[in-house]
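Numbering of residues begins at 1 and proceeds along the displayed sequence.
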Amino acid sequence: MSVLKPRRLSRAAQKELRRAQLIEATIREIAETGLADTTVASVAARAGLSRGMVNVHFNSKDSLLSETLQHLSREYRDCWQQAYDTAPTAPAARLIALFRADFDSRICQRHKIAVWYAFWGEARSRPVYRELCGTRDDDRNRHTLALCRQLTLEGGYDHDAAQAASGL
């Protein structure tokens, strides 16, 4: 009986695995200690890696934090975009799909929500966070507004679609 040896990951796959591991550790660390108290050392320890490994993948703490926010933004956008794309084309169905996506178990997790609030709290003083959070919100808001406009037209409602979208 032959024993199968586990296949070794390619160098590129190992690199991506380590980056993902560090980003997940950063999310957990921010959720538990906040942005200010998150350090390269605490992230490395949480990930079970050396500080040097963090520096190999991210040039600085700022880079690590920015890439963590980018990761969360992509994850959120992918989730609501998938919900939007797979929903029936009726505007009400797509609007419901957008809001249901906010409760998807991939993104609606206590630690991830805590991290979003941490970044939003810093967005005023850190333009890179403001830009990343704003871009994410702008795209979603454009979809919501377009759907509210369609609903207003189709239903013959005498409502301001922009106000409705803003309220949502």
A side-chain contact here means heavy atoms from C-beta on lying under 4.5 Å apart; do [X] and [Y] qualify?
{"X": "His57", "Y": "Glu67", "answer": "no"}
{"X": "Leu98", "Y": "Leu147", "answer": "yes"}
{"X": "Cys108", "Y": "Asp102", "answer": "no"}

Worked verdict on Ile30 versus Asp37 for side-chain contact (heavy atoms from CB on, under 4.5 Å): CA-CA 8 Å; Ile30 294 168; Asp37 291 332; over 6 Å; no

Any side-chain donor near an acceptor of the partner, Ser60 and Ser63, under 3.5 Å: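 No, no side-chain donor-acceptor pair sits under 3.5 Å.
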
Polar side chain donor-acceptor pair, Gln14 to Arg11, under 3.5 angstrom: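 No, no side-chain donor-acceptor contact under 3.5 Å.
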
Run the salt-bridge test on [X] and [Y] with the 4.0 Å N-O cut-off and return the result as yes or no.
{"X": "Glu32", "Y": "Arg28", "result": "no"}
{"X": "Asp85", "Y": "Arg94", "result": "no"}
{"X": "Lys112", "Y": "Glu75", "result": "yes"}

Test item: Gln109 side-chain N/O and Ser105 main-chain N/O as donor-acceptor pair under 3.5 Å: yes

Pairing residues for Asp139 by the salt bridge (Lys or Arg N to Asp or Glu O under 4.0 Å) criterion, not counting sequence neighbours: Arg77, Arg142

By side chain to side chain contact (heavy atoms under 4.5 Å, CB included) - contacts of Ala146 (at least two apart):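 So Ala146 forms no side chain to side chain contact (heavy atoms under 4.5 Å, CB included) with any residue.
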
Partner residues of [X] under the side chain to side chain donor-acceptor pair (under 3.5 Å) criterion, sequence neighbours left out:
{"X": "Asn59", "value": "none"}
{"X": "Asp62", "value": "Arg126"}
{"X": "Thr26", "value": "none"}
{"X": "Asp104", "value": "Arg106"}

Do [X] and [Y] belong together in a cluster built from hydrophobic side chains that touch within less than 4.5 Å?
{"X": "Tyr76", "Y": "Tyr117", "answer": "yes"}
{"X": "Ile96", "Y": "Leu151", "answer": "no"}
{"X": "Phe58", "Y": "Val56", "answer": "no"}
{"X": "Leu168", "Y": "Tyr157", "answer": "no"}
{"X": "Leu145", "Y": "Trp80", "answer": "no"}

Whether over 12 other heavy atoms sit under 6.0 Å from Glu154 CD: yes

Could you give the distance from [atom1] ([X]) to [atom2] ([Y]), rounded to the nearest 0.5 Å?
{"X": "Cys148", "Y": "Leu153", "atom1": "SG", "atom2": "CG", "value": "11.5 Å"}
{"X": "Gln150", "Y": "Thr89", "atom1": "CD", "atom2": "OG1", "value": "9.0 Å"}
{"X": "Glu29", "Y": "Thr68", "atom1": "CD", "atom2": "OG1", "value": "11.5 Å"}
{"X": "Leu69", "Y": "His71", "atom1": "CG", "atom2": "NE2", "value": "10.5 Å"}
{"X": "Thr152", "Y": "Asp158", "atom1": "OG1", "atom2": "CG", "value": "9.5 Å"}
{"X": "Arg46", "Y": "Thr38", "atom1": "CZ", "atom2": "OG1", "value": "8.5 Å"}

Can you see which heavy atom on [X] is nearest to which on [Y], and at what distance?
{"X": "Arg149", "Y": "Ala161", "value": "CG-CB, 3.5 Å"}
{"X": "Arg18", "Y": "Gln21", "value": "NH1-OE1, 2.9 Å"}
{"X": "Leu72", "Y": "Ile27", "value": "CD2-CD1, 3.8 Å"}
{"X": "Ala93", "Y": "Ala87", "value": "O-CB, 4.1 Å"}
{"X": "Leu22", "Y": "Ala47", "value": "CD2-CB, 3.9 Å"}

Full working for ring pair (Phe, Tyr, Trp, His ring centres under 6.0 Å) between Trp116 and Phe119: CA-CA 5 Å; Trp116 276 116; Phe119 279 115; 7.4 Å; no

Six-ring centre of Phe99, Arg140 cation under 6.0 angstrom, axis tolerance 45°: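 Verdict for Phe99: a cation-pi partner in Arg140.
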
Residue that, paired with Arg51, satisfies side chain to side chain contact (heavy atoms under 4.5 Å, CB included) out of Val43, Val40, Thr39: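 Among the candidates, only Val40 passes.
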
